[in-house]
Amino acid sequence: FGQMLQTEAPLDENFEIGAFTAEPGKAGYQRSSVLRLEHRPLKSGRQEIHLVVDQLPKVVGVDPYNIRIDRDSDDNFAQVERQ
């Protein structure tokens, strides 16, 4: 079948965005790990998203439950660092 090529397509859709005390699907995750989960519009290019939560999350993620087809779902989360 050979090597499959990936082509980036323009993005303009709503995605679930979440803030968590533990990453979904990993050890320690439970329902109470969800600090905030909401749908937000995302477009191509760099964006800044603000979520208001009542405690510091450990991770934030886009499509945290892997609803969409994604060849590399490991890049959907970022660790939160206190500034």
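Placement of V60 and V52 in two distinct hydrophobic clusters is found when ILVMFWY residues are connected by side-chain heavy-atom separations under 4.5 Å, directly or transitively. Under a hydrophobic-cluster definition in which Ile, Leu, Val, Met, Phe, Trp and Tyr are linked whenever side-chain heavy atoms come within less than 4.5 Å, directly or via other members, L42 and I67 are assigned to different clusters.
Rounding to the nearest 0.5 Å gives a distance of 9.0 Å between CG of L56 and CG of L35. In this structure, OH on Y65 lies 5.5 Å from CG on L37, to the nearest 0.5 angstrom.
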*Is there a side chain to side chain contact (heavy atoms under 4.5 Å, CB included) between V80 and V59 once you walk through the steps?*
CA-CA 5 Å; V80 174; V59 294; 5.6 Å; no
Between side-chain atoms of residues 9-24 and protein atoms elsewhere (two or more places apart, or another chain), which donor-acceptor pairs fall under 3.5 Å?
residue, atom, partner, partner atom, Å
E13, OE1, R68, NH1, 2.7
E13, OE1, R68, NH2, 3.2

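Among residues at least two apart or in separate chains, side-chain hydrogen bond (donor to acceptor under 3.5 Å, both in side chains) pairs with a member in residues 33-43 are R36-E38, E38-R40. Pairs engaging residues 45-61 under the side-chain hydrogen bond (donor to acceptor under 3.5 Å, both in side chains) rule: E48-H50 [sequence neighbours left out].
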